[in-house]
Amino acid sequence: MDGQPHLHLHVLGELTATRDGEAVDLGGRRQRAVLAGLAMQRDQIVPADRLVDCVWGDHPPANANGALQAYVSHLRRRLEPDATARQREGVIARAGPGYVLRLPPDAVDAWAFESAVEAAAGQAPGEAVCTLDTALRTWRGPAYADYAGEAWAEAEIARLAELRGVARERLLGTRLELGEAQLVIGELEALVAEDPLREERWRLLTLALYRAHRQAAALAALRRARQVLADELGVDPGPALRSLEAEVLAQSPDLDAPTPPSVDRAVELVPRPRTPDGLVDRDREMAILREKLDELEQGVPGCLLVEGPAGIGKTRLLDELRRLAVAAGTWVRSARSSALEQDFEWGVVRQLFGAGADEALARDERYAVLRGLCEVTTHLAEEAPFVLCVDDIQRCDDASLQFLTYLVRRLEGLPVLVVLAMRTGEPNRADDLAELVADESVILVRPAPLTEQGTADMVTERLGRGADAFVAACHRMTSGNPLLLRQLLRALADEGVPPDVAHIDTVRAVGSRAIASLVTLRLRRMPPTVTTVARAVAMLGPTADLVSVADLAQLSEEDVASALDLLARSEILLDGHPLDFVNPLVRDAIHADVPAGERALLVERLGRRLKSSSSHPSQAGVPTQ
Amino acid sequence: MPESMPLPRPLPAVDAAALRGLAGGAVHLPGDPLYDEARMPWNLQVDEHPAAVAYPADPHEVSRTVRAAAEAGLRVAPQGTGHGAPPLAGRLGDAVLLRTSAMTGLRVDVAGRTARADAGVLWGDVVTRAGRVGLAGMHMSSPGVGVVGSSLGGGVSWYARRHGLQCSAITAVELVLADGTFVRATEDHDTDLLWAARGGSGGFGVVTSLEFDLLPIRTAYAGMLAWDWQHARRVLTAWGGWTADAPDEVTSVARIFQVPDVGWLPARLRDRKMVMIDAVALGDAETGARTVAPLRALRPEVDTFAQVPASDVAHLQIDPQEPTAVYANSVLVHGLPADAVEALVASAGPGSGSNLLFVELRQLGGALARPAPRAGAMDQLDGSFLVLGVGLDVGTGWSAVREDARRVLDSLAPWASRASYLSMAYEAAARRGWSPAAYDRLQRIRRAADPHGLFVAPQSGAGD
Ligand SMILES: Cc1cc2nc3c(=O)[nH]c(=O)nc-3n(C[C@H](O)[C@H](O)[C@H](O)COP(=O)(O)OP(=O)(O)OC[C@H]3O[C@@H](n4cnc5c(N)ncnc54)[C@H](O)[C@@H]3O)c2cc1C
Ligand SMILES: Nc1ncnc2c1ncn2[C@@H]1O[C@H](COP(=O)(O)OP(=O)(O)OP(=O)(O)O)[C@@H](O)[C@H]1O
Ligand SMILES: [Mg+2]
């Protein structure tokens, strides 16, 4: 069609056409119906009698075919005014028993829209947002607006409307993936209001609320969805909404937004995974987790103790377990001990059971409390089997540890899987812990250092395929410790270091630093506000949130938000909430690196904050429901 | 050059324990698991046992390392990749090898057409980063060479005949002096140190960052021609004549290459003896093609010339990338008359008995023959060709390799310049690297920055 004028047909709205940008007079409603009937069938031949149907419906004139031909030739003259009559067969061509529209796929807005929606499905999020947004803007009203309600047009109008709905959902869904949770909530509320029976919209809304740190609103949205579906259709939410509900309750790490693509100079150079990094070298451990979860479904209790040195991947295995459990529809209750809370009696138990433990904890005598807590566990297990997950038990408060030991000995007949993680190589004071480790019914899981192949996989994911000698150096320098390896690879990625033989000494140089200094070095290379924010998060501990960090760092919330974003992308903070470091070692490194003067200042501000707020540190770490 | 045989040496008696824990723990002492790996430079021929190897990651850590070394009575030898390690052989026993590889920061300022490279940055990094924004750096022939070491040593790039030495592009240098102080030297402050950094090869501090100009070069006409070495005389004679009136836009290198059967070489050349010409011409393909047409007319067996992105130029020349044990030495010569070609082919070509990996003739002249607009310790090169002999140990021992190279370089003595390009001539007297006035000034600057001789001198025979 080279050199031909550009003809465009618009059907997303009222039917119009343009020729090289100029409006074309297509004639009356009936004449235009011929074009509508043809456009709906794309490049299919449309029999003349069907077109007659489009134009006159049940009341065709006597010489319908003749009248149709007249419309066709009028249309041809309008669409191709420069051509001779014979040449005018170009756009509306005669074919067999009818006519066919011969236009390139991008000449009809509805066709272009459809292929854009398809194309977007295969695109990277940033690009997909652009494609979808552009495509949706081509809509000027309901499709084939002039023929709404006509029987021959109904199906196509409905199909396009559905497609538009899907495109809008995908656009907002993709923006959500890109970390725009806050921004899309309003639009999702509007979408839901338009069609409250579409579960996908409720799902997206819930997810957006959750990621915007509005858990209560997220749960409320799910309740509203359940209500609407029950009232209108008398059905329960489908599997997608149900599993989302379980994930929200379990605070599944799967819900967190994937790392948004970076605009940072150096990071831009590195292929960035869209999903959290693949787990490597953990087939054996994962098999054990799966097996124990299967058994739990059968009502068989169990206790796993994941133990190993710092950074070997204990917490990661617990995360994987949560993922598996959520996928299987199994409930998980999680807690994590922290140095800050170690002296807070029953801290871990409170994290596990929330207010559900209040009654038991109110009892006077220790054994009565333990019995009470066991009853709470039993009641919960009667509702459904569940996993009870406690990380970092080497720092667990003594009382909670006593309960865990007590519980593990009484699991018989209780469909509960207790999964504990413990860092080895640290002095720990509790006898209960020793007793637990020695308990024969407890299955020990000891994640091994990564292999050279596992290391190679992580190098590929972070920096692109690495030269063998480069991978070997990474492996040697980190001794297969995943935390060290990831921090090393991040440091290299931050500076855009390619994984080739020329850069082996760079690996040695950066990789032979102690983990703490590697982390602080990386932080020092980021903008000063980012360092300030990281230090504030480290000082605040589990109570840190956007507002308190902004307050402590004396920065605007916007600045803090973008610093937090960079810290998450740089694998210093976890991506998601509550605010936490990727690993306690990372927190400790940053905490220890705060210069004396700044520390004094922060401590002072922290003291003032605590005085002015009523929040007791004991509430720290208890997820708000 | 002191011969370095891979004989086991006793561990140094000095105690570097005081350095432990510096540089975030990245300090390796003899006996530490990573010591043996960390002490090896790119040129594996140099097998030194320094008192410690440290990898400081920023000027602050460099300063602390330098001070701690001085307090412990040790010396300091700064090193990047170790491509230029040979002059250090035999001199590191009481030194802390301060490797700069952790200093990887690199910024390219598109508007100002400059780069700021920390001391661990390699030319390949600059080429990639600058190439993305349509700029080029005056990089060395191999992308794994360090920016700082090669810039301090002068730096002859593929753009040298048009734009001069890389060291003349330096606009600022940041360094830590022997007393641990940090200095940023520019045209306005500490100009002596900036002058010294422009080709003064070191010995006045540990450079932590260099800033230098980039060139707005997006593409170049570049490639390689190759013939069987039977054609060496014919090709080199013709090339020598061609260089005499080639425009400054083109820089070329001719090599007599005895290609061993090793993995890093292109398969089709492996195990062959060739004469090759690599060239890079600035400008468009048409002009470039016209410039190299007389060479292509010599009916090469291989011809890879094409207009290529500037970043491809960094991979044009065949050089080993992985750490390798190599011997190299060079002379600067004036002109390449028929007798010189004759002498060269007789000592390095068919029937010569030479086992050198290659003998290379780099075309100099053009901007390299004129004093650079920016004053520096090195601001031009006195010679129209740099003749470089490079050998691997092919089983006959290093002294045989050295003898092969000596024979080639000596055969060109009648045409030799008084000057030496020390980055590629490790056995030459240090004085020959600079004009007498520049040499004296450089020594004065070194004494001021390092009064007690803390830094291991870049060249071994400093005074002679
Ligand atoms: C394969 C190969 C290709 C080459 N190609 C070229 C080329 O095309 N053109 C050219 O001109 N040269 C070339 N050279 C020579 C090269 O420029 C020198 O060997 C140069 O010294 C290498 O610098 P480096 O930093 O990589 O090596 P290093 O061995 O790390 O450094 C060499 C010396 O520079 C000094 N130095 C390094 N870093 C610092 C610092 N931060 N502070 C103070 N002093 C420091 C030290 O004295 C050190 O011993 C090549 C060399 C090889 C092996
Ligand atoms: N098998 C693995 N494959 C890929 N990444 C892993 C693997 N194991 C752990 N990681 C990653 O390494 C980092 C450290 O792991 P994690 O925090 O689970 O260690 P940990 O054993 O819990 O350490 P700590 O004792 O300090 O709590 C995390 O970023 C985690 O995602
Ligand atoms: Mg952990």
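Chain letters run A, B, ... following the sequence lines, proteins first and then strands; every chain starts at 1. Keep in mind it's a predicted model, so treat the numbers as computed, not measured.
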If you take all heavy atoms of [X] and [Y], which pair is closest and at what distance?
X        : Y        : value
B:Gly144 : A:Ala502 : CA-CB, 3.9 Å
B:Gly24  : A:Ser517 : O-OG, 2.8 Å
B:Asp125 : A:Pro498 : OD1-CD, 3.9 Å

Can you tell if the side chain of [X] reaches within under 4.5 Å of the side chain of [Y], non-hydrogen atoms only?
X        : Y        : result
B:Trp42  : A:Asp505 : no
A:Arg525 : B:Asp58  : no
A:Arg508 : B:Leu34  : no

Got a second to check how far B:Glu61's CD is from A:Leu521's CG, nearest 0.5 Å? 6.5 Å
Nearest-0.5 Å distance, CZ of residue B:Arg129 to CD of residue A:Glu495: 8.0 Å
Checking an interface table here. Which of residues 590-603 of chain A come within a heavy-atom distance under 4.5 Å of chain B? none
B:Glu37 versus chain A, heavy atoms under 4.5 Å apart: side chain, backbone, both or neither? both
Pick from B:His28, B:Arg99, B:Gln321, B:Met40 with the largest number of heavy-atom pairs that fall under 4.5 Å of chain A: B:Arg99
Leading residue by heavy atom contact count with chain A [cutoff under 4.5 Å; candidates B:Ser142, B:Gly25, B:Ala23]: B:Ala23
Hey, is CZ on A:Arg524 packed in by over 12 heavy atoms from elsewhere, all under 6.0 Å? yes
